[in-house]
Amino acid sequence: MKIAEQKHEKNKFGQYFTPDSVAEFMIEMADFTTISSALEPSCGEGVFLKKLTTRGVKNIVAYEIDESLANDFTGVRYSSFVTAQIEERFDLIIGNPPYIRWKNLEPNLKEELHTSLIWNTYFNSLCDYLYIFILKSIELLNENGQLIFICPEYWMNTTHSISLRNYMVSKGCFEQIYHFNETPIFEKVTISTVIFKFTKGGTIDKKISVAKFNANQKLTIETLTKLKSKTDFNDVEYLEIPQFKLNERWVLQTEEVKDKLRILERNCVPENSNTLLAIFNDVNLNYTTIGDVCTIGNGLVSGLDKAFQVNGHELNVNELNATINVFKAKDLNPYITNNVTKYIYIKEELTEEGFSTKYPNFYTHFQKYRTELENRYQYNRKIN
C-alpha cells in the first residue's frame, strides 16, 4: 500500500506506505536465507526491498503499477501484479497489498479484473481488490513458502470473502496473526488492521499464535517489540487458537468466547425456524436482529459538542427542562453506563432576544463559542 504524492489526489491505487518500523517487524517474522526467493507484489517505495537486500537476499522480484515509485531499485517490474504472467515460485511473499472496494476502483482496474481467471473463479463485485493479491500470492508460493501481509481485517469475517477463506484453509495454515484494533498505523487511515503469517501446506494441527492490541494510539517500536516477545502490558491480549475451518467466519477469540457467541446466535434464531444452525457459517438463517427489538438511528449531531454540554452551570427552571441525558460511547460498558452527560436541547425557535430572556445562563455560556458555532458545517440545511 502506498500514499498518493498529492494530498488531494484521488488514491486510485489504494496506496498507503508501510512505516519502516512495521516493515522491520514483518521482515523479522519471516524465515529465510540469502538464497531464498522473494516476491513483493506491490512494492511502493521499496521499504521491503531495501530490508531484504540489506539481509543479503538477491533473488527478489517486485511488481509496482505506479512507475513513479521504487525507482532506486533494479528489477522492479512496472506492471500490474493482477494480470502478470508469473512463472517463478517463491519461498517468501511479503508486503502491503492495495485495498480498494469495487465501487471505488478505477475503470481500467475493473476491466482488468473482468479478464482475470482468478477473479472470475473466486470473486465478484462485492469483493475487495485486496482479495486477488492474497489468493494469487498463495498460488505463487513454493510448498512451505510463507505469505506475510499487512492489510485490513474485515475479509476474515465478511460473507462475500468466504471463497478466499476457504481457499486459504485448503492450501495451508496460519502461524501468527497480529490484530490492531483501529490503531493508527497509516496516515489519515482509521481501520482495523492485521499482520498475518501464512504457510502454504503447513501443519493444520498447529495452533495459531494471536496477539491483539486494542489501544487507539500510535504504534511504536517499543510496542512492536513487546508484541513480538509476548510481553504483558496494558491493552494487549495473547491467544493460542485452533486453525480455521471451511465455511467459517474467522473470529480471533478463545473457544470459550466462541461457545458464548454460539449461545447468542442460537437464541437469535426464531423458534419457528427449522434451519440447522452452523455457528459463523454462511447459512441463510432467519435471525432476529437488533432492529426487530429497538430503534436504531444516527447519534446526536451538534457540530460542536463542547458547546452543548452542561458542565456545572447554574440553571433556571426553563434551562433545566431544556436538557437531555446523553450516554457517551466512552462511558458505555456491557449492560451499564459509568456516566451521564447533560446536553442543551432546545426544540423551539427563538430570536436572540427571546433566547437571552428565557435561557440567560445558556446565552452567556454560548457567547464564548459563538464564532465556532457560526462556522459549523451546516449539513446543507439550517441548524438553529
Side-chain angles (χ1 to χ4, degrees), residues 152-154 156-158 179-185 189-194 210-219 223 232-239 249 251-270 279-280 287-348 358-359 361-366 368-369 372-373 376-377 379 383-384:
E153 58 89 22
Y154 51 76
M156 300 179 77
N157 48 53
T158 54
H179 181 270
F180 302 95
N181 185 22
E182 299 190 5
T183 302
I185 296 176
V189 177
T190 302
I191 191 169
S192 291
T193 304
V194 292
V210 177
K212 301 170 69 176
F213 182 60
N214 297 308
N216 186 13
Q217 63 188 45
K218 186 176 180 180
L219 190 60
T223 298
D232 286 329
F233 60 102
N234 289 339
D235 303 311
V236 71
E237 180 183 10
Y238 299 106
L239 305 172
R249 291 187 176 95
V251 179
L252 302 179
Q253 294 289 355
T254 63
E255 286 303 302
E256 180 183 5
V257 172
K258 287 183 181 180
D259 285 342
K260 292 179 180 179
L261 291 173
R262 289 184 180 95
I263 294 171
L264 173 63
E265 188 173 44
R266 190 177 301 118
N267 282 281
C268 288
V269 179
I279 184 71
F280 306 137
Y287 288 111
T288 299
T289 66
I290 295 175
D292 294 329
V293 295
C294 64
T295 300
I296 303 172
N298 238 8
L300 188 68
V301 179
S302 69
L304 190 66
D305 257 23
K306 62 183 179 182
F308 292 90
Q309 293 178 5
V310 180
N311 297 311
H313 303 300
E314 181 182 347
L315 304 178
N316 64 26
V317 174
N318 289 328
E319 290 165 337
L320 285 170
N321 291 332
T323 63
I324 57 172
N325 293 330
V326 174
F327 300 110
K328 305 289 286 182
K330 64 180 181 180
D331 296 320
L332 293 179
N333 284 317
Y335 312 114
I336 62 171
T337 178
N338 296 325
N339 192 31
V340 175
T341 303
K342 284 193 174 293
Y343 272 70
I344 298 169
Y345 185 71
I346 300 170
K347 297 181 181 180
E348 60 193 308
K358 188 171 183 178
Y359 305 105
N361 297 303
F362 286 168
Y363 183 78
T364 300
H365 165 76
F366 279 130
K368 61 182 177 181
Y369 299 109
E372 290 179 90
L373 288 166
R376 282 180 297 171
Y377 178 64
Y379 299 94
I383 297 178
N384 297 322

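As the structure is a prediction and not an experimental result, all values here were calculated from the model. What you see below is based on every heavy atom in this structure, not just the backbone, and it leaves out hydrogens, waters and symmetry mates.
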Exercise for the section: Just jot down the ring-ring contact (aromatic ring centres under 6.0 Å, His included) partners of H179, sequence neighbours excluded, or say none. Expected result: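 ring-ring contact (aromatic ring centres under 6.0 Å, His included) list for H179, sorted by chain: empty.
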[X] [atom1] to [Y] [atom2] distance, which is reported to the nearest 0.5 Å:
X: K306; Y: Q309; atom1: NZ; atom2: CD; answer: 10.5 Å
X: T295; Y: I290; atom1: OG1; atom2: CD1; answer: 12.5 Å
X: L315; Y: L320; atom1: CG; atom2: CG; answer: 5.0 Å
X: N325; Y: T341; atom1: CG; atom2: OG1; answer: 9.0 Å
X: K260; Y: Q253; atom1: NZ; atom2: CD; answer: 10.5 Å
X: L261; Y: D259; atom1: CG; atom2: CG; answer: 9.0 Å

Problem - H365 vs I344 side-chain heavy atoms within contact, under 4.5 Å - result: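 Yes. Closest side-chain heavy atoms under 4.5 Å.
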Handout entry: Pairwise side-chain contact, V326 with K342, heavy-atom cut-off 4.5 Å (strictly under)
Key =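 Result no, sub-4.5 Å side-chain heavy-atom pair not found.
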Handout entry: Considering all heavy atoms, the nearest S192-N181 contact
Key =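 Reported closest heavy-atom pair: OG-OD1, 3.2 Å.
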Exercise for the section: Provide the closest heavy-atom pair for V194 versus P152 in the form atom of the first, atom of the second, distance. Expected result: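 Scanning both residues completely, I find the closest heavy atoms to be CG2-O, 3.9 Å.
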Practice task
Determine whether more than 12 heavy atoms belonging to other residues, nucleotides or ligands lie under 6.0 Å from atom CD of E256.
Solution key: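 Not more than 12 within 6.0 Å, no.
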Exercise for the section: For atom OH of Y343, decide whether the heavy atoms of other residues, nucleotides or ligands shown that lie under 6.0 angstrom number more than 12. Expected result: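 Yes, enclosed.
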Qualifying residues under side-chain contact (heavy atoms from CB on, under 4.5 Å), relative to [X], sequence neighbours excluded:
X: D235; answer: F213, A215
X: Y238; answer: A211, L227, K230, D232, F233, V236
X: L239; answer: V210, K212, E237, I241, T254

Taking [X] for the side chain and [Y] for the main chain, is one N or O donor matched with an acceptor at less than 3.5 Å?
X: T183; Y: I185; value: no
X: D292; Y: T289; value: yes
X: T193; Y: F180; value: no

Exercise for the section: Verify whether one side chain among N361 and T364 offers a donor that lies under 3.5 Å from an acceptor in the other. Expected result: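 The criterion, which ignores hydrogens and geometry beyond distance, is not satisfied for T364 and N361.
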Exercise for the section: Tell me whether the centres of the aromatic rings in F308 and F366 are closer together than 6.0 Å. Expected result: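 Here the rings of F366 and F308 have centres that are less than 6.0 Å from each other.
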Practice task
Applying side chain to side chain contact (heavy atoms under 4.5 Å, CB included), run through V340 and F327 and close with a yes or a no.
Solution key: CA-CA 5 Å; V340 175; F327 300 110; 3.4 Å; yes
Practice task
Test side chain to side chain contact (heavy atoms under 4.5 Å, CB included) on I346 and F362 and set out the steps.
Solution key: CA-CA 11 Å; I346 300 170; F362 286 168; 4.0 Å; yes
Handout entry: For T288, all residues meeting side-chain hydrogen bond (donor to acceptor under 3.5 Å, both in side chains), sequence neighbours excluded
Key =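 Counting only residues at least two positions away or on another chain, T288 forms no side-chain hydrogen bond (donor to acceptor under 3.5 Å, both in side chains).
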Exercise for the section: In plain terms, say whether R262 and E265 are close enough for a salt bridge, that is, a side-chain N and a carboxylate O under 4.0 Å apart. Expected result: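 No, this pair does not count.
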Exercise for the section: Any pair with a residue in residues 314-329 that passes salt bridge (charged side-chain N to carboxylate O under 4.0 Å, His left out), sequence neighbours left out, goes on the list, sorted by first then second residue, please. Expected result: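 Salt bridge (charged side-chain N to carboxylate O under 4.0 Å, His left out) check on residues 314-329 returns D305-K328.
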